[in-house]
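As structure tokens, the structure follows; a few thoughts come after it.
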Amino acid sequence: MSIFVRIWAAFSVVLLIGSYLMLNALQQQIKPNMRQVVEDTLADNANLIASLVTDDLRNQQLDQPEFDQKIQHALSRHLNAQIRAMPKTKIHQTLYITDAQGIVRYDSTGQATGQDYSRWNDVYLTLRGQYGARSTRANPDDENSSIMYVAAPIIDQGRIIGVVSIGKAGRTVQPYIEQAQDEMLQRAALMVLISLVLCTIVAWWLRRSINTVRRYALSLPAHGLPAPHFYSASELNDLTYALDQMRNQLEDRAYIEQYVHTLTHELKSPLTAIRASAELLQDDLPLIDQRHFAHSIHQQTQRLEQLVERLLLLVRLEQQQESFEPQRLNLKQLIDGSIQSRQSQLRQQQIQLEIQLPEALWIMAEPFWLGQAISNLLDNALDFTPIQGSIQISAIQTDQQLSVTFYNHAPSIPDYALSQVFDRYYSLPRPKTGRKSTGIGLTLVKQVIERHQGHVTIGNLDQGVCVCLTLPQSTST
């Protein structure tokens, strides 16, 4: 079961149980509260009528037809009321009046006249100066046949001379109770539905946020995703920050281990050559041999210097310790500067250089790093171009991008090596010396160009090798 389903199920179960308990408690309160309202109304009516019939009871006029007609006329009055969207057309109340002994002297239904009600709670308590009320079922087996009676004393000169008790059948208020219950159920169902939707949204948000952190954690080795930020979940931000810190620590350790291993491996060969030459120089050798081994030591020392310099440059670039600050510069001047510093090598190897660049080749770039990339490309081209060969540099400029091509007549790159030439420490033997380089130059070129939001490609073309740098016209880093 996924975490989304677990969270949603937990929220839903708690919500449904809580809603059921609360709704059940409220439902249980509706009927008693409604009865209390009815009882309050009956108490008001009973006291009002008690004050109106005092003279009639004292003068023994309750058995007169005129009194019955007056009461029946009042009880049969037609109503035109709309209560809670329910029509009310008549009065649903009955009343009876007893004397001071509890004998019924008048009953609006005509059924209890002359009966002794002195033992009924409403009459019994009222005759003793207390509040009297009772509920009695007309049918003992039918709960809805209950009738509530509320009594009030008939007082004449400070003396209780009788009791007025007003009754109302429970079934007359049942529609209001049912309507209130139905409305409560509907509103509760709506609230539960809304709450379930909110639970679903919250559970989905939690699942999505957790999956975002999970994807970020899984992408850490490849730097696949930027660190996510959650505006309403500081705990997830703390977790992301902890993962980021852990990644940095692990990467720093792995980075150091990798470079120590690589540097050790790359230093082994030139150091071995230097050691062997130095040991041989300790012997008594002819001058020509001494010069040969001294030259070998010099070459290997230069190789070590080049390796260390390029490794340091690559470290600075990969660790982003150098902030790129693009400037508007003329790429033609940058290339001319790199060529000028290599004139002696060009003359020595009799390499013909053809430059097909416009005088104004303006772009936005970081001068130092782009200069390093161009220098590495020129060095690479010089290493592979045979003596008396040629190198061509050209450019194509559009409104969107600038493409600079370095082409040299040289042996083609083997097919198996084309996909690896930009890999770190991968190098092919130089035709002139048979030795490999540090394998860092083209890696540095690729990373510099990508930091400028461009790309670099290499391939075989017309019995030579072509390297193309593509840069956007407006570079932002």
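Excluded from the calculations below are hydrogen atoms, water molecules and symmetry mates; all remaining heavy atoms, backbone and side chain alike, are included.
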Is the side chain of [X] donor-acceptor paired with the backbone N or O of [Y] at a distance under 3.5 Å, no angle test?
X	Y	value
T443	F422	yes
T113	G110	no
Q333	L329	no
Q61	Q64	no
N376	L444	no
H452	E366	yes
K88	K90	yes

Out of curiosity, [X] [atom1] to [Y] [atom2], how far, rounded to the nearest 0.5 Å?
X	Y	atom1	atom2	answer
L334	L357	CG	CG	11.5 Å
Q130	R128	CD	CZ	8.5 Å
N330	D336	CG	CG	8.5 Å
I194	M191	CD1	CE	5.5 Å
H455	L471	NE2	CG	9.0 Å
K332	I393	NZ	CD1	9.5 Å

Problem - Axial cation check for Y149 ring with R134, 6.0 Å and 45° limits - result: yes
Practice task
Validate the cation-pi geometry between R328 and W362: distance from NZ or CZ to the six-membered ring centre under 6.0 Å, angle to the ring axis within 45°.
Solution key: yes
Would you call [X] and [Y] a side-chain contact if the rule is heavy atoms closer than 4.5 Å?
X	Y	answer
L377	L442	yes
Q327	M364	no
V104	I97	no
C468	T470	yes
P414	L428	yes
I160	I154	no
V467	N380	no

Please find the pair of heavy atoms, one from [X] and one from [Y], that lie closest to each other, and give the distance.
X	Y	value
L75	Q93	CD2-O, 3.8 Å
L95	D107	O-OD1, 3.5 Å
V448	W369	CG1-O, 3.4 Å
S338	L378	CB-CD1, 3.5 Å
L418	I458	CD2-O, 4.3 Å
P153	N47	CD-OD1, 4.4 Å

Should we say atom [atom1] of [X] is surrounded by more than 12 heavy atoms from elsewhere, each under 6.0 Å from it?
X	atom1	result
M184	CE	yes
I396	CD1	no
Y20	OH	no

Exercise for the section: Under the side chain to side chain donor-acceptor pair (under 3.5 Å) rule, collect the residues that match up with D116, sequence neighbours excluded. Expected result: S118
Exercise for the section: For side chain to side chain contact (heavy atoms under 4.5 Å, CB included), just list the numbers for W120 and T136, CA-CA rounded to whole Å, side-chain angles, deciding distance to a tenth of an Å, and then say yes or no. Expected result: CA-CA 10 Å; W120 291 108; T136 303; 3.9 Å; yes
Fill in the blank from the handout: The residue among T126, N121, L127 that forms side-chain contact (heavy atoms from CB on, under 4.5 Å) with V123 is L127
Exercise for the section: Mind running side chain to side chain contact (heavy atoms under 4.5 Å, CB included) on L361 and L402 for me, showing each step along the way? Expected result: CA-CA 9 Å; L361 204 58; L402 169 66; 3.8 Å; yes
Show me, pair by pair, the donor-acceptor contacts under 3.5 angstrom made by side chains of residues 52-60, not counting sequence neighbours?
{"residue": "T54", "atom": "OG1", "partner": "A50", "partner atom": "O", "Å": "2.9"}
{"residue": "D55", "atom": "OD1", "partner": "R58", "partner atom": "NH1", "Å": "3.2"}
{"residue": "D55", "atom": "OD1", "partner": "R58", "partner atom": "NH2", "Å": "2.7"}
{"residue": "R58", "atom": "NH1", "partner": "D156", "partner atom": "OD1", "Å": "3.1"}
{"residue": "N59", "atom": "ND2", "partner": "D55", "partner atom": "O", "Å": "3.1"}

Handout entry: Electrostatic pair D142-R171, nearest N-O below 4.0 angstrom
Key = yes
Practice task
Salt-bridge test for E450 and K446: reply yes if a basic N is under 4.0 Å from a carboxylate O, no otherwise.
Solution key: yes
Handout entry: Q356: partners by side chain to side chain contact (heavy atoms under 4.5 Å, CB included), with sequence neighbours left out
Key = E354, S394
Fill in the blank from the handout: Exactly one candidate in F67, Y117, Y96 meets ring-ring contact (aromatic ring centres under 6.0 Å, His included) with Y106; the answer is F67
Exercise for the section: Kindly indicate, with the supporting measurements, whether the criterion side chain to side chain contact (heavy atoms under 4.5 Å, CB included) is fulfilled by D122 and V163. Expected result: CA-CA 9 Å; D122 56 333; V163 173; 6.0 Å; no
Exercise for the section: Please determine which of D63, T98, D99 meets the side chain to side chain donor-acceptor pair (under 3.5 Å) test together with R105. Expected result: D99
Practice task
Applying side chain to side chain contact (heavy atoms under 4.5 Å, CB included), run through M148 and V150 and close with a yes or a no.
Solution key: CA-CA 7 Å; M148 178 185 291; V150 178; 4.3 Å; yes
